[in-house]
Amino acid sequence: MTDLPKTYDPAAVEPEANRVWTDEKLFHAEPTDPGKPYAIVIPPPNVTAALHLGHALNNTLQDILTRWRRMAGDNAIWLPGTDHAGIATQTVVEKRVLAEEGKRRTDFARDEFVKKIQTWKDEYEVRITEQLKAMGCSCDWDRQAFTMDEPRAKAVREAFFQLFKEGLIYRGKRLVNWDPATQTALADDEVEMEEVDGHFYYLKYPLESESGTGDSPVASGQRHGQVAHATMEYVTVATTRPETMLGDTAVAINPKDPRAAQLRGKKIRLPIVNRVIPIIEDDYVVLPDPKSDDPKAQFATGFLKVTPAHDPNDYEIGLRHKLPMINVLAPDGTISDQHGWPTEDFDQAGEDLQNLLGLDRFEARRAVVEWFKRNNLLEEVKPYRHSVGHSYRSHVPIEPYLSDQWYCKVTDARLAGAALRAMSREQFESSRSTGFQPVSSDQNNGHGFQTHATDWEGQLKFFPPRYAKTFQTWHENIRDWCISRQLWWGHRIPVWSKMFPASTWHDALKHLLTRKYKNRLATTMVTSSDSCFVLPRDTMTVYMCVAPGNEDVEQELERLGFEQDPDVLDTWFSSGLWPMSTLNWPEQTPELEKWNPTHTLCTAREIITLWVSRMVMFNLYFLNRLPFSEVFVHAMIQDGEGRKMSKSLGNGVDPLDIISSHGADAMRFTLTLMTTNTQDVRMPVERDPKSGKNTSPKFDIGRNFCNKVWNAVRFAIMNLEEARRHEGTEARREEVDETRWSLADRWIVSRFNRTIAACDEALTNYRFDQYAKGCYDFFWGDLCDWYLEAIKPAMRDPARQGQTANVLAAVLDGSLRLLHPMIPFITEVLYWRLNEVRPERGLPGRIMCCTSPRLIRAAWPRAGEVTETAEALFPKLQEIIGAIRNLRNDYKADPKKRVTVSISASGETAGTIESNRELIELLATCTLGRVTSDLSAPANAARATAGGCEIFVEGLVDESADRERSARRRDELVKSIASMKGRLANPSYVSKAPPHLVKQTQDQLAELEAELAKLG
RNA sequence: GGGCGAUUAGCUCAGUUGGCUAGAGCGUUCGGAUCACACCCGAAAGGUCAGGGGUUCGAGUCCCUUAUCGCCCACCA
């Protein structure tokens, strides 16, 4: 007897398989290994937290692909690593430090705090790695990377330097989400929208009188505005943030507004400040309409105060109309003249303006409103409930705050343009194009850049194809990418800067610009007027970007008083280089040549724009090839209510919990089965009362399947051991002789070959559900339910045992191979057992099995021929057996009692039944009597039609069951017959439908009518 | 506001270029300790394919429309 336990115990098997894989370095690949290259880079998980179920899915799929291609003979590699995830990681550490030590980031020196984050990263990197290993991920761990380790830092420096040198990185302005309480910039996703009760203030802005020469504009019938002696004296603006009016640099009106023409060229004298600002025309302004559904139109006056430095939309308007941008706030949210407010405003400023300085923004709001009221310029105040961005950390309202930032010019044709050109022709919708046409390869693109002839054009494909649109739309509407972040955790921007008087900078830096430094430095200058901050006039800020590995130059710059930029790069800058940096670019390594481009990127849809886009642009730019040719976008896992899984909702599931409750293979199988073409899958979450941990009953199917696989192999091993005993230890196994195979043997081999083809097809098209389902149905439905049952008598018969053992061993061997990528642990260990019991197990010409010591490196099965006759005949037996079982159940036959069955059948079917008497008798618990074509119905027999035969089960007498059965069947038949007759009576059907379908309907109708006639 | 998607059995989901009586697993009901497996075996019940229109000989599948839900992007004077 085998020593395999009756129930599969994952905990006893998984570590053993993992140990062997690791010890024998079976995940490792070298560029010199044989096979065509196949590489996958892991989407590096953030080191912010342990992996969740979404990662488990993502990584299971990558492992399936890697193991599949490795077995198929490719030189396959899966490159693992983690992402430093700038903002997210710094934030979790800040939270923890605040909670545990009561300290803020600013209470530490920069280095000191970065060390704390580093400690966190180390801890989570280990945990993540352990999780991936527990899941069975066959990553090449010798090549594990981290987006901020030395080789990756070098890649970032090199990429930044090259882009900087080419002018693709520049200094620009941007409104950041500023938290005045913690005095940090926040990412968009760190801003929480909260509904607040605020007010709409309607402020009157007087028109500047001296510009109003000539005829007086008449304002008639206007709701807002200034009717005094039929002359327009002021305009009214509506705002929720009156204090920002101090920074207004224009008032805008929609050009379609009837008042626009009258006001063209007029100016406003801004109250309190006395600044004279223009009235401009812009489509963005909403026309007032009290009856509109749009709340904006209800509240609007038609006049929009434009404050470019303190509102994102106003900023855009400011850019369009080249308006000055005046920042009136200090970083702490108080009104300040020190951060970009031109001194001219204060030259003859009144006391009223001076008094506002130093006030907090909310005090200033009250004071400004008060001032307008006092001066009869406050027209109205209305209550208004609206959502306002708040800091998720300090919970104070966010202030849009203008600042200088570094930008990457992704709008350049060499970046976004190239990404579009890379798209597969079938997936690129040129008709829909928003005006962008990818530049063809032989054209100069207008950037002075002659594109190379490419073999990557049109080679990037998305699965499912609908995601190509997301990619395309993003690049057609792309805006330059702000790459600097006001953080401590990340790649420090490799730029040093110093401000010089405009006339002296060149002399001061002459020696740096000599040949010695030429290739190690790239320089850009920004004049004082380009900055959004007010700098001394006639100054020039010089920015020097230093190429990697030039510490001497950096030191020289610092000696000259240059300072390194305090900001770090956006996380996506380093992850955008991932398919290159994991292979140690910019080093020209054999690995880089071998595995870049990688093959497939496997990711979730939320980062198509953030990540996929950047990798494509960067890889094309730096290496003139694609980072990968196929992008597979898998579903997102939600909880049972369709919500995202998250810590705060408490509905997250830890893969390790599932591994301990169900096993890694069970988890992997279930996730694979769930990976259909849809966008989302729901995973009902339950709390396990015993462990107190979240789990899901969905994983039972995987656990059950693994147990089935375990027991099928256990059964086979027991039988094969038995067979070996009969053959004698020295005897060679019986030669394969197909002529001695049973129908069941031929059928299962054929079914297996069909399954291989289905698996190949499914995996090639990323239809993981079809792969899992195909394996499941074959293994459980065909192999276990039918074949293993069918061969039991043969396996006990020494005369027939040999051939059946050959088939059984080969089919099981092949099944383990097919299943391995999905459920690697259990299949690996069972394969070893099979090797012990039966080292040779091929079926020449049918199933090739070159045994290998380790399944992970065994050959992927090659689909052989299917046997149509076996696949046509065996199902007839299945139907007949099913019909007999059904009768037994309906008539409540004693389960142990053998009933006598006779069958009316003819021709080939009759022959098949005759030669498979044993099978029918065993599986239907019956004694098979006469099988002839001219059978008259025996007395006291229950009757059924199946497999084209009439079946009589004797001794089943139950009149009520009989009546019920007949009535039910008769109803079905009458209904079907009516529908078919109806179809055939329709002349259009007969004339227009394909003839084979008409014929089919006719045949079927005849069959059903015959059955109905016999029912009486 | 723009885009993508979903709605099929009590639950979670398949359903190919439109074509057999719309399938699976779980759950339910009935029967079963049979020597691979009770994480099992055998059988059964259960569906107006979200609603409404259209195209077609024929629609779960294609088109229009309504409703509900989800995600991404943009925005909120």
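All values below were derived from every heavy atom in this structure, side-chain atoms included, with hydrogens, water molecules and symmetry-related copies excluded.
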Exercise. Over how many whole Å does the gap from Tyr891(A) atom OH to A44(B) atom P extend?
Worked result: 14 Å
For this session: Figure out the CG/C1' separation between Asp890(A) and U29(B), and round it to whole Å.
Result: 13 Å
Problem set entry | Partners passing ring-ring contact (aromatic ring centres under 6.0 Å, His included) against Tyr766(A) (at least two apart in sequence or in another chain) | Phe463(A), Phe632(A)
Problem set entry | Value in whole Å for how far the P atom of U12(B) lies from CZ of Phe669(A) | 20 Å
Problem set entry | C13(B) versus U8(B) - spacing of their C1' atoms, nearest Å | 10 Å
Exercise. Is Lys892(A) touching bases, backbone alone, or none of the nucleic acid, heavy atoms closer than 4.0 Å?
Worked result: nothing
Exercise. Rounded to the Å, how far apart are Arg888(A) CZ and C30(B) C1'?
Worked result: 15 Å
Problem set entry | salt bridge (charged side-chain N to carboxylate O under 4.0 Å, His left out) partners of Arg885(A), counting only residues at least two apart | none
Seminar exercise, completed: Those residues at least two apart in sequence (or on a different chain) that pass side chain to side chain contact (heavy atoms under 4.5 Å, CB included) with Leu287(A) are Asn254(A), Lys256(A), Asp257(A)
Problem set entry | Residue pair Thr307(A) / Lys305(A), side-chain donor-acceptor N/O under 3.5 Å | yes
Exercise. Which dot-bracket string fits RNA chain B when only Watson-Crick or G-U wobble pairs with both atom distances under 3.5 Å count, crossing pairs get [ ], and | stands for a partner on a different strand?
Worked result: (((((((..((((.....[...)))).(((((.......))))).....(((((..]....))))))))))))....
N/O-N/O pairs, protein side and nucleotides 13-18 of chain B side, under 3.5 Å:
{"unit_1": "C13(B)", "atom_1": "OP1", "unit_2": "Arg682(A)", "atom_2": "N", "d": "2.5"}
{"unit_1": "A14(B)", "atom_1": "OP1", "unit_2": "Thr676(A)", "atom_2": "OG1", "d": "2.2"}
{"unit_1": "A14(B)", "atom_1": "OP1", "unit_2": "Thr678(A)", "atom_2": "OG1", "d": "3.3"}
{"unit_1": "G15(B)", "atom_1": "OP1", "unit_2": "Arg767(A)", "atom_2": "NH2", "d": "3.2"}

Problem set entry | Integer angstrom distance from the C1' of U29(B) to that of U65(B) | 42 Å
Exercise. Got a sec, which residues hit ring-ring contact (aromatic ring centres under 6.0 Å, His included) with Tyr771(A), two or more places apart in sequence or on another chain?
Worked result: none
Seminar exercise, completed: The ring pair (Phe, Tyr, Trp, His ring centres under 6.0 Å) partner of Trp710(A) among Phe779(A), Tyr8(A), Phe715(A) is Tyr8(A)
Exercise. Taking atom P in both C57(B) and C72(B), what distance in whole Å separates the two?
Worked result: 44 Å
Exercise. Can you tell me how far C1' in G18(B) sits from the matching atom in G58(B), rounded to whole Å?
Worked result: 8 Å
Side-chain donor-acceptor contacts of residues 990-997 of chain A below 3.5 Å, not counting sequence neighbours, with atom names and distances?
{"unit_1": "Ser991(A)", "atom_1": "OG", "unit_2": "Pro987(A)", "atom_2": "O", "d": "3.0"}
{"unit_1": "Ser991(A)", "atom_1": "OG", "unit_2": "Ser988(A)", "atom_2": "O", "d": "3.2"}

For this session: Assess the side chains of Asp769(A) and Thr675(A): does a donor N or O sit below 3.5 Å from an acceptor N or O?
Result: no
Problem set entry | Residues Glu476(A) and Lys469(A) bridged, charged N to O under 4.0 Å | no
For this session: With sequence neighbours excluded, tell me which residues meet salt bridge (charged side-chain N to carboxylate O under 4.0 Å, His left out) with Glu1007(A).
Result: none
Exercise. Out of C20(B), A24(B), U21(B), which nucleotide sits closest to the side chain of Arg983(A)?
Worked result: U21(B)
Exercise. Do His634(A) and Thr603(A) meet the criterion of a side-chain donor-acceptor pair at a distance under 3.5 Å?
Worked result: no
For this session: Between Pro684(A) and Met980(A), name the one whose nearest nucleotide on RNA chain B is closer to the 5' end.
Result: Pro684(A)
Exercise. If the P atom of A14(B) is compared with that of U55(B), how far apart are they to the nearest Å?
Worked result: 31 Å
Distances under 3.5 Å only, N/O to N/O: pair up the protein atoms with those of nucleotides 2-4 of chain B.
{"unit_1": "G3(B)", "atom_1": "O3'", "unit_2": "Lys469(A)", "atom_2": "NZ", "d": "3.3"}
{"unit_1": "C4(B)", "atom_1": "OP1", "unit_2": "Lys469(A)", "atom_2": "NZ", "d": "2.5"}
{"unit_1": "C4(B)", "atom_1": "O2'", "unit_2": "Gln679(A)", "atom_2": "OE1", "d": "3.4"}

Problem set entry | C1'-based separation of C41(B) from U17(B) [nearest Å] | 40 Å
Exercise. What interatomic distance, in whole Å, is found between P of U12(B) and the corresponding atom of G52(B)?
Worked result: 23 Å
Problem set entry | C1'-based separation of A22(B) from C37(B) [nearest Å] | 32 Å
Exercise. Hey, does Phe471(A) reach any base, or is it just sugar-phosphate, or nothing, if we go heavy atoms under 4.0 Å?
Worked result: nothing
Exercise. For the atom pair CG (Leu175(A)) and CG (Asp311(A)), what is the distance rounded to the nearest 0.5 Å?
Worked result: 7.5 Å
Problem set entry | Donor-acceptor side-chain pairing of Tyr202(A) and Thr239(A) below 3.5 angstrom | no
Exercise. What is the distance from atom CD1 of Ile277(A) to atom OH of Tyr205(A), rounded to the nearest 0.5 Å?
Worked result: 6.5 Å
Seminar exercise, completed: Between CD of Glu972(A) and P of A44(B) the distance, given in whole Å, is 11 Å
Exercise. Which residue pairs pass the salt bridge (charged side-chain N to carboxylate O under 4.0 Å, His left out) test when at least one of the two sits in residues 669-686 of chain A, sequence neighbours left out?
Worked result: Arg605(A)-Asp680(A)
For this session: Measure from CD on Glu686(A) to P on U12(B) and round the result to the nearest Å.
Result: 12 Å
Seminar exercise, completed: Once base and sugar-phosphate atoms are separated, protein heavy atoms under 4.0 Å mark nucleotides 35-42 of chain B, 5' to 3', with B, S and - as -BB-BSSB
For this session: Just call it for Lys305(A): base, sugar-phosphate, or nothing, with non-hydrogen atoms closer than 4.0 Å on any strand.
Result: nothing
Problem set entry | Carboxylate-amine/guanidinium contact Arg241(A) Glu399(A), below 4.0 Å | yes
Exercise. Which is true for Leu997(A) with a 4.0 Å heavy-atom rule: it touches a base, it touches only sugar-phosphate, or it touches nothing?
Worked result: base
Problem set entry | NZ/NE/NH1/NH2 to OD/OE distance under 4.0 Å, Arg969(A) and Glu1011(A) | yes
Seminar exercise, completed: Rounded to whole Å, CD of Gln1002(A) lies from C1' of C20(B) at a distance of 14 Å
Exercise. NZ of Lys896(A) versus C1' of G31(B): gap in Å, rounded?
Worked result: 11 Å
For this session: Remember a base hit wins even if backbone is also touched, and classify Arg605(A) as base, sugar-phosphate or nothing at under 4.0 Å, heavy atoms.
Result: sugar-phosphate
Name the pairs: protein N/O against N/O of nucleotides 55-59 of chain B, kept only if under 3.5 Å.
{"unit_1": "C57(B)", "atom_1": "OP1", "unit_2": "Lys992(A)", "atom_2": "NZ", "d": "2.1"}
{"unit_1": "C57(B)", "atom_1": "O2'", "unit_2": "Asn986(A)", "atom_2": "ND2", "d": "2.9"}

For this session: Would you kindly say whether Gln1000(A) and Gln1004(A) are connected by a side-chain donor-acceptor distance under 3.5 Å?
Result: no
